[in-house]
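Data block below; observations after.
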Amino acid sequence: MTTMPPLKAPVSLDEAPSEGLPRRLGFWATTAIVVGTIIGSGIFRVPATVASEVGSPTAIAIVWVLGGVISLCGALALAELAAAYPASGGVFVYLRAAYGPLVAFLFGWTYLVLAPASVGAIALVFAEYLGTLIPLSPLGVRLVAATVLALVGVAGYRSVRGLGSVVTVASGAKIAAIVILVIVAFLLGNGEAGALGPQAPVGEARWGGVGLGLVAALWAYNGFHDMVCVAGEVREPGRLLPRALLSGTLAVIAVYLAANAAYLYVMPFDALQRSPLVASDTMVRVVGNGGAGLVAVMVMVSTFGAVAALGLANPRVFYAMAGAGLLFAPLARVHPRFRTPHVAVVGHTALALAFVWSHTFEQLTEAFILGVWPFLALAVAGVIVLRRTQPGLARPYLTPGYPVVPLVFVAATVWVVGSALVARPLTTLAGIGFTLLGVPVYLLWKRAVRR
């Protein structure tokens, strides 16, 4: 069995050790992971939430553009860290390098629960849409979701390259499907009746709701950071990691803006606000009831791709934590034949399966953003910290617009969390409390390790 050595900055980044995991992922597979982890179910569900929070098409556009800009700033900054530390674990690795093991552990503690929970929620969306095509009981929906998680877990156990190929195909298919939706909406839809039509009432923007609208939009954009979890298995990481991060994030931003424009073109604003299945309702208005079936297939492709991409990325955080001595040591084992972190894959799959039976999609979106994004802000701020504390670190890629770009991401995250704290104090404080609970857990863990 093989375990991951302590974190070190490699001398030659493109030949950095892969901690026992072979570098098998190229540019297209890595870019597909970016797209696959971002585009899941969010763009098909959260536009209604954004519309109800902000109150007007103009404010909707502002929220989605802001979400794209914030995500792009985060990706630009994380690309520098990914190229400098091309190791499995992603954000965990960067937090450990910049702030030490406690902050990294708190991220891992939060991620240990919320990451498998989010994958379970996305698998439930896949099953729910399958249930619109064939009869499924509530139990059947959860069984289908569990089956999807198990299949992805088996694929991730056996081959990183094989699961990467699945993610590549699914990511291409989901972008193609959304592009088709946009083209059909604009070619066949009745723009006169939509929210952008000349006779449409002009809603009054509720600027106080922009922060909460951003929480919903950032759920849809969430995932650009997950690709760096597999940095230890990417070929030529100093060159390919930044290119994949930026290419994938820009592609998603373009697709999301186009999709929202299509929804607004076809749907009246009041109908958009009340439409939890906005993509389906858009296609029904354009092509009739058959449109619901087409969108169901589209969402199933998208969510399956997201489950596969996250099933590839998330276990690498557990693997990195165990390799750093901050989680159970067996999770850092590498399969002698398949060269995958097989124990971490099994652990992640088991947790995701548990959440399938105990949670719903809606319970997890705000919890994930408010739990994970503050750590993303810390990681992005780590670009500034590490430039001061490790000026000699080899950096094959530098964040453009430094230090403005990372500071924009940090400021935006503070604003979003602050808005949620004002509007949803109990939910936000509960998330903060859960994260802080990791402090005594960390101290107890360190004491147990010393003994």
(request) State, with a plain yes or no, whether a side-chain heavy atom of Trp109 is found less than 4.5 Å away from one of Leu437. (result) yes

(message) I want to check something: taking the side chain as every heavy atom from C-beta on, are Cys73 and Val69 in contact at a cut-off of under 4.5 Å?
(response) yes

(request) Begin with the C-alpha distance, continue with both residues' side-chain angles, and end with the deciding distance and a verdict on side-chain contact (heavy atoms from CB on, under 4.5 Å) for Val125 and Thr303. (result) CA-CA 7 Å; Val125 175; Thr303 50; 3.9 Å; yes

(request) Could you check whether the rings of Tyr256 and Tyr221 sit parallel, tilted or perpendicular, using 30° and 60° as the cut-offs? (result) tilted

(message) Could you check whether atom CH2 of Trp445 has more than 12 heavy atoms from other residues, nucleotides or ligands sitting under 6.0 Å from it?
(response) yes

(message) Can you tell me how far apart OH (Tyr94) and CG (Leu376) are? Round to the nearest 0.5 Å.
(response) 11.0 Å

(message) Please verify the inter-ring angle class for Phe338 with Tyr157; under 30° counts as parallel, over 60° as perpendicular, anything in between as tilted.
(response) perpendicular

(message) Just verifying a value: how many Å separate Tyr99 OH and Thr389 OG1, rounded to the nearest 0.5 Å?
(response) 9.5 Å

(request) To the nearest 0.5 angstrom, please state how far the NE2 atom of His225 sits from the CG atom of Leu245. (result) 11.0 Å

(message) For Phe105 and Tyr442, I'd like to know if the aromatic rings sit close, meaning centre-to-centre distance below 6.0 Å.
(response) yes

(message) So Asp226 and Ile33, do their side chains get closer than 4.5 Å, heavy atoms only?
(response) no

(message) If you define the side chain from C-beta out and look only at heavy atoms, does anything of Val383 sit under 4.5 Å from Leu81?
(response) yes

(message) With heavy-atom distances below 4.5 Å as the criterion, would you say the side chains of Met283 and Val184 are in contact?
(response) yes

(request) Please tell me if the side chains of Pro315 and Tyr319 come closer than 4.5 Å, counting only heavy atoms from C-beta onward. (result) no

(request) List for me each residue that meets side chain to side chain contact (heavy atoms under 4.5 Å, CB included) alongside Thr413, sequence neighbours excluded, and say none if there are none. (result) Trp373, Ala377, Phe409, Val417

(message) side-chain contact (heavy atoms from CB on, under 4.5 Å), that's the test. Do Tyr263 and Ile60 meet it? Break it down for me.
(response) CA-CA 11 Å; Tyr263 299 154; Ile60 287 176; over 6 Å; no

(message) Between the side chains of Glu233 and Arg316, is the shortest nitrogen-to-carboxylate-oxygen separation below 4.0 Å, so that they form an ion pair?
(response) yes

(request) Test salt bridge (charged side-chain N to carboxylate O under 4.0 Å, His left out) on Arg23 and Glu236 and set out the steps. (result) CA-CA 8 Å; Arg23 297 192 180 276; Glu236 300 182 79; over 6 Å; no

(request) Measure the shortest side-chain to side-chain distance between Trp64 and Ile43 over non-hydrogen atoms and say whether it is less than 4.5 angstrom. (result) yes

(message) Side chains of Pro86 and Val234, heavy atoms from C-beta outward: is any pair under 4.5 Å?
(response) no

(message) Please verify the inter-ring angle class for Tyr265 with Phe186; under 30° counts as parallel, over 60° as perpendicular, anything in between as tilted.
(response) tilted

(request) Please report the closest heavy-atom contact between Ala262 and Thr282, naming both atoms and the distance. (result) O-CG2, 4.4 Å

(message) Parallel, tilted or perpendicular, judged at 30° and 60°: which one describes the rings of Phe126 and Phe304?
(response) tilted

(message) So, taking the atom named OG in Ser118 and the one named OH in Tyr111, what distance separates them when rounded to the nearest 0.5 Å?
(response) 7.0 Å

